[in-house]
Enquirer: 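Okay, here's the structure, questions in a sec.
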There are 2 protein chains.
Amino acid sequence: MLQAREDAIIHVVNHLLAEKGFDAMTVDEVAANVGIAKASLYKHFPSKEDLAAAAMVRALRHAQAFLEGIAEETTPLEKLRQVVRWTMEQKLAGEMPSLPSQNSGLRATLLRTQDYMNGLIEVSDRLGEWIEAAQAQGSINPQLPAIAILYTLYARACDPVLEFLKMGGQHTDAQIVALVLSTCFDGLKAR
Amino acid sequence: MLQAREDAIIHVVNHLLAEKGFDAMTVDEVAANVGIAKASLYKHFPSKEDLAAAAMVRALRHAQAFLEGIAEETTPLEKLRQVVRWTMEQKLAGEMPSLPSQNSGLRATLLRTQDYMNGLIEVSDRLGEWIEAAQAQGSINPQLPAIAILYTLYARACDPVLEFLKMGGQHTDAQIVALVLSTCFDGLKAR
DNA sequence: GTCTATAGGAGGATAGAC
DNA sequence: GTCTATCCTCCTATAGAC
């Protein structure tokens, strides 16, 4: 019961974070969407920052589950492409929580949350292996530092190009994903 | 005198927007940094949103000045590269104001600000010409919609990869610019 | 653990004197 | 146009009954 209630809370937080971001999301809103009183929320989570942290842990678990599901025999480059595709699909579906990279109180909470840090490290390690493997076999540019590539992949989860193209209304979600996937891996220059 | 005072205000706003973003910036801070009382600020600008809009107009003027300064004989592709380089250098120097893409009150104010809209359209038109020229001569991928390319270039002004790499401390600003320039135009895949 | 009610404080905006 | 002082709204968080 308690676990189910907390899952419902995190689910609501996840969608609100995806829709309006951390600053615009209010705790009153969360409570209203869950259907309980605000004071009850604070019995489950000690602060707004902890709500966001819990949502990020949930998102990281989803990501890990997706990584696990990728077929072993897939090439490293294709694995990375699939991850980026999945990330952008999540974002377009309103399932990808987005946090401000500046808010200091939030950063402090995240750094203190073991589940978050562990999840982040595990995902990064897995992606790092694939990046290095892809570079070793020459499918990803070996001149780029692996860390820069990792950040570039992560950045697709908060790329404003997706929402701008979506607002334009000229392209389907699938087309948007294909476009940004192309600019990410193939670049803007003609090949 | 009045103009000079307002320039000083906008200058402060510009740096605060670059440093902490619209939500985290407070009007008290702006007033304190300018060295005047908050009430005086409101004699010059009617709202916090208008402060941000004025800073964006200033940034757009800077951008236009840079576009004007690019040598006529430069190839379209090289012009675009120079613009992206300049944009990222501004960002790393703390000169590029960043606004949330969600805040509705801010969006409404921006849409009502003629100077902002005109500047945005002029910059976009100029870049659009170069994009199409580059595609016509085959240096930029002709299969990508011009609007997607435009957004991709704009997005370099709010790319979190720059600050992440800067926080890592492993690269100089020049190296960071070169790296992201490479991932933007050449892509992650080996050529 | 859930509620109602409220404390406490931050921050945008204004009143009114000078 | 600048100031001091204040208003007022919104939001995070808590008190205390059940």
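Residue numbering restarts at 1 for every chain, and letters A, B, ... go by the order of the sequence lines.
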Enquirer: Can you spot which of B/L153, B/V123, B/L127 makes a side-chain contact (heavy atoms from CB on, under 4.5 Å) with B/V83?
Expert: B/L127
Enquirer: Expressed as a whole number of angstroms, how long is the span from A/R5:CZ to C/dC3:C1'?
Expert: 12 Å
Enquirer: What is the distance, to the nearest angstrom, from the CD atom on B/Q3 to the C1' atom on D/dG1?
Expert: 15 Å
Enquirer: Bend angle of the helix from C/dG1-D/dC18 to C/dC18-D/dG1 from five-pair axes at both ends, rounded to 10°?
Expert: 20°
Enquirer: Using only side-chain N and O atoms of A/S40, determine if any of them is under 4.0 Å from OP1 or OP2 of C/dC3.
Expert: yes
Enquirer: Check the distance between D/dT12's P and A/F45's CZ and give it to me in whole angstrom.
Expert: 16 Å
Enquirer: Between P on C/dT2 and CD1 on A/I9, what's the gap in Å once rounded to a whole number?
Expert: 8 Å
Enquirer: Using atom CD of B/E29 as one end and atom C1' of C/dA10 as the other, report the distance to the nearest whole Å.
Expert: 12 Å
Enquirer: Within a radius of less than 6.0 Å around CD of B/E68, do more than 12 heavy atoms belonging to other residues, nucleotides or ligands occur?
Expert: yes
Enquirer: Quick one: label B/T26 by what it contacts on the DNA or RNA (base, sugar-phosphate, nothing), any heavy atom closer than 4.0 Å.
Expert: sugar-phosphate
Enquirer: At their closest point, which heavy atom of A/L162 faces which heavy atom of A/R156, and how far apart are they?
Expert: CD1-O, 4.0 Å
Enquirer: Where do B/E122 and B/Q64 come nearest, in terms of heavy atoms and distance?
Expert: OE1-NE2, 2.6 Å
Enquirer: Can you check the B/N103 CG to C/dG11 P distance for me, whole Å?
Expert: 16 Å
Enquirer: Going by distance alone, is a donor N or O of one side chain under 3.5 Å from an acceptor N or O of the other, for A/Y154 and A/S124?
Expert: yes
Enquirer: Can you give me the N/O atom pairs linking the protein to nucleotides 13-16 of chain D at distances under 3.5 Å, or say none if there are none?
Expert:
| residue | atom | partner | partner atom | Å |
| --- | --- | --- | --- | --- |
| D/dA13 | OP2 | A/Y42 | OH | 2.9 |
| D/dA13 | OP2 | A/K48 | N | 2.9 |
| D/dA13 | N6 | A/K38 | NZ | 3.0 |

Enquirer: Is there a side-chain contact between A/E89 and A/D173, using heavy atoms and a 4.5 Å cut-off?
Expert: no
Enquirer: Can you tell me how far C1' of D/dC11 sits from CG of A/L16, to the nearest Å?
Expert: 15 Å
Enquirer: Where do B/C158 and A/P160 come nearest, in terms of heavy atoms and distance?
Expert: SG-CG, 3.9 Å
Enquirer: How many angstroms lie between atom CG of A/L110 and atom CG of A/L99, to the nearest 0.5 angstrom?
Expert: 6.0 Å
Enquirer: Expressed as a whole number of angstroms, how long is the span from B/H44:NE2 to D/dT2:C1'?
Expert: 9 Å
Enquirer: Do B/Q170 and A/I147 have side-chain heavy atoms sitting under 4.5 Å apart?
Expert: no
